[in-house]
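Here is the structure we will look at.
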Amino acid sequence: MISTLRVLMYALPVVSMAFAPLSAKENKKQAKEAKAAKVAKKHSRSHCSSSGCSHTCTWGLDPTFNGCSTTPGILISPVSPFLDIAESIAIDNCNSNCCKWRYLISGDSVQVPNYCSGAVDGHADERGAAVQAFNHAGTRDIFFATNGVLRFNTTIYGNASNTVLVQCSGCDCNDIFVIGNAQTSPTGEYSSGTVGNCNPLADCGFQFSLGPDNTPQYLGEQIYLARFNCNGSATGTDGNYVDGVATLTQNPTTTPGLGFGEQMLTATWQDAAQQQIISVGLNQDSLSGCGPADAEILSVNVSDASVNWDNTISASDWVDLVNPANPLLFAIFQGVTTNTVGSTTSIYAAGVADAATASDFFSFTGRGIAAKFDTNGNIDPTFGYVTISANDDGNGNPAQQIVIRTITTDGNFLYLGGDIANAFSGNAGQVTASSPGAPGELIARISANFLIVVLNMDGTPVSIDPTLNQNTVQLNWNNGTGPNVQFNAIQTDFFGSEDAIFALKVDGNRLVAAGFSAFGPDLESQRPIVARYKINDSLNLDKSFNDSGFVYLQDIAQFRSLARDLAIEDQPGCSDKRYLITGQAAVAALVTSPVTFLDATQTNMFIAALSHQGEG
């Protein structure tokens, strides 16, 4: 799974053992980092008063969630003693008038220490998909699966869970669906052949190991859809389901045991009746090298797991928009949303494209992409294949790198979230900082900002007036019909280092973003962050949200942590509004030798709740 691999691939800065006095430049740098850490600490506080377990709050961590613990508002909930990552969150409250709550998070669980060091990794007892259930009070739902935890394997090798969805029946849960990827090869997914360490090329965006000749070898990944009863028990055989699990697609290959990789990175309900799921990701074209890969969008009927349509957007579809002079290496969808007007539903997908060649993989040519489909899988020709790039360097390459990970809509506009990177350092073997992103993203990024792009529903760009919002950045838009159109998008720099959006949701007249921010250049300073913006002509940070527009979870863990998904609970008359985030909290780390990559051997799933008493 893409995100799991990135967690394992963090490089540490070189540490000097000399005790020479610090230079003026170094002193200034340390002072700047200390100031940023102080500012981060200020904005990580909840504005709460408390007495015992009774609390009142403005916006901040909700003290009624896991309220009598030492960390009210946050629950770190490991599945294994080693590496766990939560990718998705769903609220099991099928009718907002029923005042029922349960939270489900899904992700991956690794059962062995030092996952990168083995020569053969990826066994069934090492990486499995996992779903956890929690009550409204922030405790595990002990009536779900085994003490609140469902861990399962769809093949005998590695498994990943990318999205969990709840199907409703009136006020009650009907079924739980999990979509993800399963490894079809016994070869080590994260092993490095004879090298004995994680692949120093970092991820290339796919699952692979290093072969005997030290070249990347892609492993087979197939997409699965799993169905469970609402208590976490297995369902039976129905249509393409076998014991509750259906293999949706599997690319052929002439190499025994290996299939071309397919991965679904996120999914949502395609229809209001919750009978179809729409999912997006990538379809890998090759078993060798670092590409190429095509964007893929998949529709599946959940009653029998039959595939309605499987649409691959190939490199030839994007190349003229990205860079006519160079072949397209990556085109990958990472976000999907739907919009219904009357009886017509449209599907919008967004992601990233990279025109770098295999020999020039570390060039920062990432561009955002977006497309529109109907419910039969046809591309909307009026919308086209939209690309979004930063300032051109004069050779058809953007001067800054854009990564789009999520897309949402309020019915009037499309909002794309990700990051824009503007400073880089190092290469594959000399990495000073790293961020999990998309294929085509540089491994070494020392500065990046939140990025929010606004499009009209027809795909044309909406430009933010820089006199109303000073945090705009000028970008280029193109749908292949002519020259670039320049427009202004929103970027947010919190503490002067690296920031990235992973989830973006509409909350009435506000836009809520979750991801991570760093108060320093090192990996240990990255923490989850939730920011809120006003949906108006300025799209400024909403200062009524924690007095600053954001809440920063600086104290969640000792090491690199981030939010990967966001859900909004809003039930007037039932409970105060909550923003719920989930992701990973790294509580321990070690350096593997001889290559100094960070192996986060104790990374736990977490769920956190933010609230504001009485907000409408």
Side-chain angles (χ1 to χ4, degrees), residues 1-4 6-7 61-62 65-66 69 71-80 83-93 101-110 129-141 144-145 148-151 160-166 176-180 265-268 334-335 405-406 408 417 436 500-505 507 512-517 526-531 551-553 555-557 560-569 578-587 600 602-611:
M1 178 180 173
I2 290 177
S3 55
T4 304
R6 292 194 183 89
V7 172
L61 287 170
D62 186 342
F65 183 84
N66 198 23
S69 70
T71 57
I74 302 173
L75 176 61
I76 295 178
S77 184
V79 176
S80 76
L83 190 145
D84 302 319
I85 301 166
E87 298 281 357
S88 171
I89 184 169
I91 299 177
D92 177 5
N93 183 67
W101 303 273
R102 186 173 62 161
Y103 310 131
L104 299 171
I105 64 174
S106 68
D108 309 332
S109 173
V110 175
V131 178
Q132 295 194 69
F134 303 91
N135 297 307
H136 191 259
T139 58
R140 273 183 178 173
D141 178 2
F144 177 81
V149 179
L150 169 64
R151 189 175 186 274
S161 167
N162 294 340
T163 304
V164 59
L165 296 170
V166 178
I176 296 169
F177 293 89
V178 177
I179 192 165
L265 303 184
T266 191
T268 190
Q334 300 190 101
R405 300 185 185 87
T406 180
T408 189
I501 294 174
F502 279 74
L504 193 64
K505 297 290 175 67
D507 177 21
V512 186
F516 75 80
S517 182
Q526 296 175 350
R527 298 291 187 274
I529 192 169
V530 179
V551 175
Y552 188 59
L553 277 61
D555 297 329
I556 190 172
R560 188 178 189 283
S561 306
L562 65 150
R564 291 186 176 274
D565 199 14
L566 162 75
I568 298 175
E569 178 185 89
R578 276 179 171 176
Y579 298 152
L580 296 132
I581 60 173
T582 194
Q584 65 197 53
V587 297
Q602 287 182 256
T603 298
N604 297 329
M605 295 185 186
F606 79 87
I607 179 171
L610 281 66
S611 71

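The model shown is predicted, which means the values in this text are computed figures rather than measured ones.
- A distance-only check finds a donor-acceptor pair linking the side chain of R578 to the backbone of H136 [under 3.5 Å].
- Scanning all heavy atoms of the two residues, the minimum distance from A160 to A129 falls at C-CB, 4.1 Å.
- Nearest heavy-atom pair across R140 and P78 is NH2-O, 2.7 Å.
- With sequence neighbours excluded, no residue satisfies side chain to side chain donor-acceptor pair (under 3.5 Å) with N604.
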_Verdict with reasoning, Y579 to D507, per side-chain hydrogen bond (donor to acceptor under 3.5 Å, both in side chains)_ = CA-CA 10 Å; Y579 298 152; D507 177 21; 2.4 Å; yes

*What do the steps show when you test I176 against V164 for side-chain contact (heavy atoms from CB on, under 4.5 Å), and what is the final call?*
CA-CA 7 Å; I176 296 169; V164 59; 3.8 Å; yes

*How far apart are the C-alpha atoms of D555 and L553, what are their side-chain angles, what is the distance that settles it, and do they pass the side-chain contact (heavy atoms from CB on, under 4.5 Å) test?*
CA-CA 6 Å; D555 297 329; L553 277 61; over 6 Å; no

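- With values rounded to the nearest 0.5 angstrom, Q132 atom CD is found 11.5 Å from D141 atom CG.
- With a 4.5 Å cut-off on side-chain heavy atoms, S561 and F606 do not count as touching.
- Within the 4.5 Å cutoff, the side chain of P72 has no heavy atoms near those of the L61 side chain.
- Among residues two or more places apart in sequence or in another chain, the side chain to side chain donor-acceptor pair (under 3.5 Å) test is passed with T139 by N135.
- Within the 4.5 Å cutoff, side-chain heavy atoms of I85 are placed close to those of R564.
- Atoms CZ and CG, from F177 and L165 in turn, are 9.0 Å apart once rounded to the nearest 0.5 Å.
- Considering only residues two or more places apart in sequence or on other chains, S69 meets the side chain to side chain donor-acceptor pair (under 3.5 Å) condition with N66.
- In this structure, F502 and L562 have side chains that are in contact, with non-hydrogen atoms separated by less than 4.5 Å.
- The distance from the CD1 atom of I89 to the OH atom of Y103 is 8.0 Å, given to the nearest 0.5 Å.
- Counting heavy atoms from C-beta on, the side chains of I581 and I607 never come closer than 4.5 Å.
- Interatomic distance, T408 OG1 to L504 CG, rounded to the nearest 0.5 Å: 6.0 Å.
- Between Y552 and R527, some side-chain heavy-atom pair lies under the 4.5 Å cut-off.
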_Using side-chain contact (heavy atoms from CB on, under 4.5 Å), reason through V178 and T163 one step at a time and then give a plain yes or no._
CA-CA 6 Å; V178 177; T163 304; over 6 Å; no

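- A donor-acceptor distance shorter than 3.5 angstrom exists from the side chain of R405 to the backbone of I501, with no hydrogens or angles considered.
- Atom CG in L104 sits 5.5 Å away from atom CZ in F144 (nearest 0.5 Å).
- Checking side-chain atoms of T603 against main-chain N and O of Q584 turns up no donor-acceptor pair under 3.5 Å.
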_Evaluation steps, side-chain contact (heavy atoms from CB on, under 4.5 Å), between K505 and D565_ = CA-CA 10 Å; K505 297 290 175 67; D565 199 14; 4.2 Å; yes

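- Summarising the geometry of T266 relative to G335, their closest heavy-atom pair is CG2-CA, 3.8 Å, with the distance given to 0.1 Å.
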_D84 vs S109, test: side-chain hydrogen bond (donor to acceptor under 3.5 Å, both in side chains). Steps then yes/no._
CA-CA 4 Å; D84 302 319; S109 173; 3.0 Å; yes

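- Note that CD1 of I105 is 10.0 Å distant from OG of S161, once rounded to the nearest 0.5 Å.
- The shortest side-chain heavy-atom distance between V530 and L610 falls under the 4.5 Å cut-off.
- Taking 4.5 Å as the limit, every side-chain heavy atom of L566 sits out of range of all side-chain heavy atoms of L580.
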